[in-house]
Each structure stands twice: as structure tokens, then as C-alpha cells.
Amino acid sequence: MVRLRAPRPAGFPLLFTADLALIEPALAFLHEHGVERAHTPDTVRTYSEVLYDWFETLEQNGIAWCDANAAELVAYRNRMLTEASLHTRRPYALRTINHRVRGVLRFYAWAVRNGWLKTSPLIGRANDFQLARPARRPRPGSSESNDRGFFVLRQYEALPRPLSSVQARELLAALPPPYDLMARWQLYTGLRVSELLRLTLGDIDVAATSATTFRLIDVSRKGRKAGYVIAPASLLEETAGYVGGHRRAWIVRRERRTRDRAPEGLFIGSRGCVVSKNRYQQVIHAAGAVAGFRATTHLLRATFACMMLARLEQLANQGAAINPLLIVKILMGHEHIETTDRYLRAVAVDVCVLGDVLDSLIVERD
């Protein structure tokens with residue numbers, strides 16, 4: 001039986017077989033990551049979704065989880081390549097397929113490490129099928145190991161395409177409160193959606209006054225790491241207006257209908273409830289469609305990174321003693337500098353500059 005060192009929080013996922021038997025290794029895996037390692041609820045939910053899909057596939061094919069080998073994992077991966085998702089009715093993205101494959105490999109490595117299995121063909125060099133092929137060294141900075149390289153599909157990383165100034169203004173104009181202010185926070189600070197939704201009234205302290213043009217706001221980063229963002233005074237003024245206007249009116253309306261305590265979250269909807277991640281993403285997508293272009297919440301964050309990096313690069317070229325890439329890495333809360341480098345490469349491909357160059361290529365010469 002599984003010995004739990006700490007109680008499971010409310011909403012903790014449980015996985016059962018078709019016979020309603022608890023899948024104990026999956027529970028132990030999720031418990032370690034969700035309770036003992038204190039991963040975020042989103043991370044635990046993602047891990048549980050991967051395990052649910054994998055165990056369901058094994059059960060449908062009559063395969064015990066402890067007997068799964070490389071052939072089963074390859075078949076699982078290839079099925080996602082040829083079949084559409086039952087949830088979205090759309091083909092699986094390569095990123096999703098690789099994410100699930102890595103999740104399965106992570107689980108089996110954990111199972112062997114913690115004594116649930118003595119060994120597994122899904123870890124180590126046993127998953128090579130004994131194919132005669134030369135050893136390939138991973139590229140510098142690459143996290144891909146030889147073990148996972150066989151299962152994981154080659155994926156070409158797309159560079160972020162930030163919104164132009166005109167597109168950003170059109171998007172903000174199409175958004176209703178409080179989503180317009182939420183989008184401004186992402187555009188001006190580069191916050192992730194999860195970090196944005198964790199902001200509270202206490203974090204902002206709209207009553208505080210400052211003579212400076214900006215203020216440092218402490219935030220809880222991805223993985224519950226401490227961090228901060230730089231919020232301009234104009235953004236804080238808009239936030240104070242929202243708190244004293246729309247938010248206050250929605251809280252009063254909520255108190256008339258229910259005696260529940262008012263939420264501490266900064267961003268709430270017209271019904272007085274904290275805005276959910278899915279709702280915010282849906283509103284951003286719909287507003288982008290109205291404006292005539294594709295918009296996502298991550299695109300707002302990418303726009304901040306690219307615009308900030310481009311401006312800092314200009315200052316560095318003018319002689320300022322700064323490291324633009326390192327500054328943006330800190331402001332974005334990236335753990336690795338390679339992640340920030342994606343935005344530098346996106347800035348290098350300036351659409352306006354390329355347009356001038358392309359126009360010059362087709363100009364008729366006298």
C-alpha cells in the first residue's frame with residue numbers, strides 16, 4: 001500500500017482502473033510531485049492528464065503498466081500522429097505528443113528510482129531496439145538525452161511573432177473590463193497568465209503613493225519562485241481606477257447575492273468571482289478574431305519581451321553598459337538564458353527592416 005507522508009489537498013487527482021482499483025504507483029507519483037515537492041496545481045494536473053491517457057491506452061490494449069516496453073510507447077506516439085484528439089477533435093500538435101511521451105518516460109524513471117519496478121525497457125539504453133546506428137552527441141545547450149531522442153519527435157521551434165503597436169491598441173480596444181487591464185499588465189510587465197491571476201490587492205497596494213515613474217511589484221513566479229516585475233505608474237493608476245470602480249461595484253453586487261467572503265484576487269469578473277485562466281484565454285482569442293488577427297495570452301508576454309529587448313539593444317548600441325538579454329531574462333522570470341534567446345532571434349528578424357530590403361530587391365534599375 002502507499003504510505004502518504006502528508007494529507008492530499010482538496011481536488012487532488014486519483015486514477016482508477018476500469019474495475020475501480022486504485023492505480024497506486026500513479027497516486028504515489030502525483031503525491032510526491034504535488035505534495036512533497038509542492039509543485040503547482042497546474043503541473044500536477046498536467047502530469048495526471050498524461051498518466052490518465054497512458055494508463056487508459058494500456059488498459060484498452062490489455063497491457064499491464066509494468067510490462068510496457070518501447071514498442072508500446074512508439075505505438076502510443078504514432079497513434080497520436082495519425083488520429084485526432086477526442087477532446088478537441090483536432091490533430092495533435094508535435095509539442096503535445098512530445099510532452100506526453102516525455103511524461104511517460106519521466107514516470108517510468110521515477111518508478112524504477114523509487115522501487116516500484118526493478119527495471120524498465122523505457123529507461124536507459126534498453127529502449128534502443130539494438131539498432132545499429134552511430135552514437136550522436138547532443139548539441140551544446142540541448143537537454144535531449146540519447147534515451148529520449150528515440151521516442152521524441154524532431155520539433156522545430158517557432159520564433160515568437162509579437163504584436164505590432166497598432167495590433168496591440170486594437171486588441172485592447174476590443175477587450176471589456178477587466179480583461180483589457182489584464183492584457184495591459186501582460187504587455188507592460190511580461191507576466192505569465194498564472195502569475196497574473198495570482199496577483200492580489202495586497203500585492204499591488206493601490207493606496208500607496210510614489211513619486212517615481214515605476215514601482216517594483218513582488219510576484220510569485222512559475223514553480224512558486226519569488227520574483228518581481230517593474231510596473232509603470234500609468235499602469236498602477238489604471239489599476240487603482242479599476243479597483244475603485246468596476247471591481248468595487250462587482251464586489252457590492254456579489255455581497256447582495258451571497259454572504260461569501262470577497263475574493264482577494266485582483267482581477268474578478270462581473271459576477272464577483274476570480275477570473276479563470278480559460279475564460280481569460282477565450283476572451284483574448286475572441287477579441288483577436290474581432291480585430292482580424294490571431295491573439296493569445298502568451299503572445300502578449302512575447303510582445304513585451306521583444307519590444308523590451310529591442311529597446312535595450314538600441315541603448316546598448318548607443319553605449320549603455322547593460323546586458324539586454326540578461327535584463328529581459330530577469331524580467332521574464334526565465335530559468336535559462338536559452339529561453340530568452342528565442343526573443344532575441346525574433347527581434348533580429350525585424351519585419352519592417354525586411355520589408356525595406358525586399359522592396360529594394362525588386363526596384364527597377366535605370
Inset, instruction - Could you please spell out the steps behind the side-chain hydrogen bond (donor to acceptor under 3.5 Å, both in side chains) verdict for Trp54 and Tyr108? - result: CA-CA 12 Å; Trp54 170 248; Tyr108 279 90; 3.1 Å; yes
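When every heavy atom of Pro13 is checked against every heavy atom of Leu27, the shortest pair comes out as O-CD1, 4.5 Å.
Side chain of Arg294 to main chain of Gly288: no donor-acceptor pair is present (N/O by atom type, distance under 3.5 Å, no hydrogens or angles). The backbone N or O of Ala18 lies less than 3.5 Å from a partner atom in the side chain of Glu59, making a donor-acceptor pair.
No side-chain heavy atom of Phe16 sits less than 4.5 Å from a side-chain heavy atom of Ile23. Between Lys222 and Arg192, some side-chain heavy-atom pair lies under the 4.5 Å cut-off. Within the 4.5 Å cutoff, side-chain heavy atoms of Tyr228 are placed close to those of Ile330.
For Arg198, there are no salt bridge (Lys or Arg N to Asp or Glu O under 4.0 Å) partners at least two apart in sequence or on another chain. For Pro232, the side-chain contact (heavy atoms from CB on, under 4.5 Å) test picks out Tyr188, Ser234, Leu235, with sequence neighbours left out.
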Side-chain donor-acceptor contacts of residues 280-287 below 3.5 Å, not counting sequence neighbours, with atom names and distances?
| residue | atom | partner | partner atom | Å |
| --- | --- | --- | --- | --- |
| Tyr280 | OH | Ala183 | N | 3.4 |
| Tyr280 | OH | Gln186 | OE1 | 2.7 |

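Within 6.0 Å of atom OH in Tyr52, 12 or fewer heavy atoms from other residues, nucleotides or ligands are found, so the atom counts as exposed in its surroundings.
The aromatic ring centres of Trp116 and Phe107 sit 6.0 Å or more apart.
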